[in-house]
Amino acid sequence: MSAASPRTTPYLLTAPGVLFFVALLGFPMVMTFVLSLHSYDFNTGIQSDWTLANYADVLGDSYFHKIFGRTFGLGLLVTLICVLIGVPEAYVLSRLSSGWRSVFLLVVLGPLLISVVVRTLGWALFFGGNGILTMTAQALGFGDEPVSLMFTFAGMTIALVHVLVPFMVISVWASLQKIDPQSEDAGLSLGASKFTVLRRITLPQAMPGILSGSIIVFALTASAFATPAIIGGRRMKVVATAAYDEYLSTLNWPLGATIAVLLLLANIVIILSFNKVIEQRYAKVFE
Amino acid sequence: MVSFLKFESLKKEFGNFVAVSDMSLGVERGEFISLLGPSGCGKTTTLQMVAGLLTPTSGRIMLDGKDITNTAPNKRGLGIVFQSYALFPHMTATENVAFGLEMRGVGKADRLARANAALEQVRLAQFAERYPKDMSGGQRQRVALARALVIEPPVLLLDEPLSNLDAKLREEMRIELRLLQQDIGVTTILVTHDQEEALSMSDRIVVMQRGEVSQIAAPLDLYERPTNTFVSDFVGKTNLLSGHVSAPNKVSVNGTAIDVDTASAGVGSQVTLSVRPEKLRLSDDATSQEVRIDAAIFLGSSWLYRVTGEMGELFITQPNTGSAGYSNGDIAHLSWPAGSITLFEDAVS
Ligand SMILES: Nc1ncnc2c1ncn2[C@@H]1O[C@H](COP(=O)(O)OP(=O)(O)OP(=O)(O)O)[C@@H](O)[C@H]1O
Ligand SMILES: [Mg+2]
């Protein structure tokens, strides 16, 4: 066996993974980017010129501003709700005896075992004009009008929260696991009430988990496709569904590619800056 | 006189398992008490009951005349140093120490001043703004101590506070902790499985075995006059010899008659003799019994010998006087001053 120098060994070892990513992720992304630099003609299709006109189109069009605004608003709202639901859920989970914990962990993770499409179609049945929601509302005497959350922002939010809460729970739970339970006892012994211990001792230590969970949930929401496509439909477009429509309805692939690239860039910028804030805030404190 | 802190028949069961059974103890104001025992004997459990983090199955805890058995831990106001220190990782040393004062409603300027004074007391003033992760084990331990002391607790509870430190630091901290405790005069309960630590720091030691109190005594008494074989073996090193009483004040070990006060043990009864390695003497005086050196180990300040003679195998330590000791295979003569041998009527446990 030839002795590889210690410097090259890591590269050799990661080479298969790198090749895999380059072939399956990097290459299509470069292709998408290249595509976004071509112009499109309705009669002759994709041109072979080089132009930034697509970017100017998207960035200058209030129609797209609205879609981008809606997408990131949705991302923020879903993240916020996931924090509000997921953090207490993870806390309760971490307090359960190990037997109950595995049962409830399965319940929490259950949604991840079902295909997104199936799950979302379930929500569609629930939300629809003659769905369970309407029937329940009518049975409770809230009038005869059908209550539909289909094609609404609220409907999308609910369905996405349902899909994404497990990611928040897992992430927060992992950081709760790392907390020394004696630090809570120490808080109590120093005279803090149980609630103060939760607020001042436990939550701050779970903060890295909450923040990384937020990043995951935000990124997944901003790039979500299936749920907005089914629940939001044409009326409530988000960036991912808008790109899809450019590709498949308008057949304007370069414009679709441009939207996709801009979504990726916006996501990267937001997540990197968020991450930077976290690191600055917490690197001093936690290893 | 009523003790300052009192355990009355304290008992703790986990399911069917009895972790602490029928523990009674009175601690005087300002006293330093150690709970000493092997792993799993119920020391932490006892301490946690005092702290209020565990509820006793039965029994009472009285502090300064008040029953605190069912008082919530955050209402007891005791200072606790946990085995893992349990510092708040998201707070600096000062913030950690000031936390207890903040909970007592002490104003910001005042509590920062007091926290910094407490850090100074444990010689950590220059580390006030550090986070726990940037401190060494010994420094963290001292922050934990300052945090427990700054609230001026009536009782200080220490759960193996020195066990994570290296040997040298541990010895330094023993002295430092003891001096600090005497300085402040705080009543202290220390949990430890290290007999040297207990002997060197305490006013009295409570030796525990499988959830029960085995003996309560001052360090010297405990060492010199253990009341059972468990204590004599656990506290310090000892040679345990099985034998039977052959005549009044004579015990036969492997056929060798040994003079020892047999007290109440009747002729013919089985007994255990305990003799400390440092009480035995090796010499060239041919009138006493002969032993062969099996192993000679140099320990710096002393020699440790393993010898075989008529009584069986024995460990002996001799002070290092600067000259070469015995070597393997040498023949020496064994003697001991009268009163060095303790007799127990229980068998070796
Ligand atoms: N929550 C619990 N449930 C069941 N058994 C427990 C629990 N806590 C402690 N025990 C048992 O009680 C016994 C005493 O435990 P404890 O922690 O008091 O030991 P210790 O003397 O502090 O030992 P160490 O020196 O190892 O810390 C042990 O056998 C332990 O297994
Ligand atoms: Mg313990």
Side-chain angles (χ1 to χ4, degrees), chain A residues 83 87 90-91 94-101 171-214 274-287, chain B residues 44 47-48 50-54 71-93 95-106 111 115 129-135 140 143-153 155-160:
Chain A
V83 169
V87 174
Y91 182 72
S94 73
R95 289 297 144 122
L96 290 174
S97 70
S98 63
W100 283 111
R101 182 157 56 223
S171 162
V172 176
W173 189 56
S175 69
L176 284 175
Q177 288 302 99
K178 284 197 220 135
I179 299 181
D180 176 0
Q182 290 198 326
S183 74
E184 295 172 356
D185 288 345
L188 283 180
S189 77
L190 290 169
S193 67
K194 283 193 174 156
F195 180 71
T196 308
V197 167
L198 180 62
R199 195 171 55 86
R200 296 283 308 275
I201 311 290
T202 312
L203 265 188
Q205 292 188 67
M207 215 53 195
I210 298 175
L211 294 174
S212 58
S214 299
F274 197 64
N275 210 13
K276 187 139 197 149
V277 171
I278 296 178
E279 269 176 13
Q280 278 175 352
R281 178 80 181 74
Y282 291 100
K284 290 203 303 279
V285 184
F286 299 100
E287 40 273 271
Chain B
T44 298
L47 203 73
Q48 300 246 322
V50 184
L53 300 167
L54 281 177
T71 310
N74 50 6
K75 300 274 182 286
R76 295 190 187 199
L78 307 183
I80 307 175
V81 176
F82 292 85
Q83 189 161 0
S84 62
Y85 309 146
L87 294 180
F88 309 133
H90 56 294
M91 298 186 193
T92 61
E95 287 166 347
N96 263 283
V97 178
F99 186 81
L101 296 173
E102 188 185 344
M103 293 302 120
R104 279 161 178 70
V106 177
R111 70 173 181 254
E129 297 313 314
R130 288 237 187 143
Y131 284 95
K133 101 174 161 71
D134 298 328
M135 286 190 266
R140 284 180 209 179
V143 174
L145 189 61
R147 185 176 70 175
L149 284 175
V150 77
I151 59 174
E152 294 170 6
V155 178
L156 180 64
L157 305 174
L158 308 166
D159 192 352
E160 311 215 9

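Convention: sequence-line order gives letters A, B, ...; per-chain numbering from 1.
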> Picking from B:Glu102, B:Gln48, B:Arg76, which has the most non-hydrogen pairs under 4.5 angstrom with chain A?
Replying inline: B:Glu102
>> Given heavy-atom pairs under 4.5 angstrom as the criterion, report whether the side chain, backbone, both or neither of B:Leu78 touches chain A.
In response: backbone
> With a 4.5 Å limit on heavy-atom distance, are the side chains of A:Leu188 and B:Met103 in contact?
Replying inline: no
>> If the contact rule is any heavy atom under 4.5 Å from chain B, which residues of residues 171-183 of chain A qualify, in numerical order?
In response: A:Asp180, A:Gln182, A:Ser183
> Tell me, side chain or backbone of B:Arg104 under 4.5 Å from chain A's heavy atoms, or both, or neither?
Replying inline: side chain
> Atom OG1 in A:Thr196, atom CG in B:Asn74: separation rounded to 0.5 Å?
Replying inline: 8.5 Å
> Among B:Pro153, B:Pro89, B:Gly100, which has the most heavy-atom pairs under 4.5 Å with chain A?
Replying inline: B:Pro89
> Among all residues two or more places apart in sequence or in another chain, which pass the side chain to side chain contact (heavy atoms under 4.5 Å, CB included) test with B:Lys75?
Replying inline: B:Thr71, B:Ala72
> Does any heavy atom of chain A fall under 4.5 Å from the side chain of B:Leu101, the backbone, both, or neither of them?
Replying inline: neither
> Where is the tightest heavy-atom contact between A:Ala186 and B:Arg147, given as atom of each residue plus distance?
Replying inline: CB-NH2, 3.4 Å
> Is it true that a side-chain atom of B:His90 and a backbone atom of A:Tyr282 form a donor plus acceptor pair closer than 3.5 Å?
Replying inline: no
> For chain B, which residues from residues 204-214 of chain A lie under 4.5 Å away (heavy-atom distances)?
Replying inline: A:Pro204, A:Gln205
>> Checking A:Arg281 now: which residues fulfil side chain to side chain contact (heavy atoms under 4.5 Å, CB included) with it, not counting sequence neighbours?
In response: none
